[in-house]
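Comments concern the structure below.
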Number of protein chains: 2
Amino acid sequence: MRPFFHPATEDLRPDAILHALADPDRAAIFTRIATQGCVGSCATLAALGDRIIPKSSLSAHFKVLREAGLIRSERQGVEMRNHARCADVEMRFPGLLTAILNAYTSGPMPGPRS
Amino acid sequence: MRPFFHPATEDLRPDAILHALADPDRAAIFTRIATQGCVGSCATLAALGDRIIPKSSLSAHFKVLREAGLIRSERQGVEMRNHARCADVEMRFPGLLTAILNAYTSGPMPGPRS
DNA sequence: CCCATAGTTCAGAACATCGGAACTAGTGAA
DNA sequence: TTCACTAGTTCCGATGTTCTGAACTATGGG
């Protein structure tokens, strides 16, 4: 179990961030982490909506988010502490995270009919 | 050769848009179309940077952009007229395109060292 | 009709993702 | 220490997606 890799702020790449957040599950996970400041275990996220996400898939999702520079993960005893690197991303790509998260919260419902 | 499918504005989905723009080639293509208003042939885009993108790959890229609702394609004689649906996307997901295109233009170069 | 040009579709190889089973790490109790 | 439990990672086979050359379609001009 090798230690985690976290890219430096100046190494953040837009394509990695977009790819990470292009998956609705990952976007939901990241939204939870970003809005709740710091989410502990993966297990608390296992039930997104009504689907159950297997641990191995969750682990892979966290890895993608981590390596895109969206979250920082560190062991805290037996579980994981994940927190969002919103400030880093905002510094490098201003407005990006806000726009994406807004798009997702306004997205699923088909807006007010005009 | 079936006619092209273009999603309606209210059917635009954020994950499709992020997925489409998560590929640097597609992002570059879209940037060209968006900034130049309307790019004709695929062939003018065959050389992005210094790589040559084969026609079949280009065609697939255009399809992804089209089905994400980012561009509208229509035949004009023997070639293709593509134009960006920036207004549609902006209406549905305000600020999203701007933030993404900004991220890409500021992204590739490793920013000013602090 | 024949040819050239612009782009699409097909098919198989290369690559990525999903998820169950096995594994690793930490904690607490006997 | 050893056992058991919990949280997460890694492995690997199945499934799905992307890439790209070759064949095909569509259009316009001799």
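So you know, we letter chains A, B, ... as the sequences are listed, proteins then strands, and number each from 1.
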Minimum side-chain heavy-atom gap P7(B)-R85(B) below 4.5 Å:
yes
Look at the side-chain heavy atoms of Ile, Leu, Val, Met, Phe, Trp and Tyr, link any pair under 4.5 Å apart, and say whether F62(A) and L101(A) land in one connected group. yes
When rounded to whole Å, the CD to P distance for the pair E79(A) and dC5(D) reads 19 Å
Is any side-chain heavy atom of D23(B) closer than 4.5 Å to one of D15(A)? no
From CD of E67(A) across to C1' of dT9(D) the rounded distance in Å is 13 Å
Sub-3.5 Å donor-acceptor pair from the side chain of H6(B) to the main-chain atoms of S73(B), do we have one?
yes
The contact string for nucleotides 18-30 of chain D, one letter per nucleotide 5' to 3', using protein heavy atoms under 4.0 Å with B, S and - for base, sugar-phosphate only and none, comes out as SSBBB--B-BS--
In short, the helix from dC1(C)-dG30(D) to dA30(C)-dT1(D) is bent end to end, axes from five pairs each side, to 10°, by 10°
A side-chain contact here means heavy atoms from C-beta on lying under 4.5 Å apart; do R26(B) and H19(B) qualify? yes
Closest heavy-atom pair, E67(A) versus F5(A), reported as atoms and distance to 0.1 Å, is CG-O, 4.2 Å
Taking every heavy atom of L12(A) against every heavy atom of F93(A), the minimum-distance pair comes out as O-CZ, 3.4 Å
Between CZ of R66(A) and P of dG8(D) the distance, given in whole Å, is 11 Å
Shortest non-hydrogen pair, I17(B) vs A68(B), comes out as CG1-O, 3.7 Å
Taken to the nearest whole Å, NZ/K63(B) to C1'/dA6(C) is 18 Å
Here the distance between atom C1' of dT8(C) and atom CZ of F62(B), to the nearest Å, is 13 Å
Between CD1 of I71(A) and P of dG8(D) the distance, given in whole Å, is 12 Å
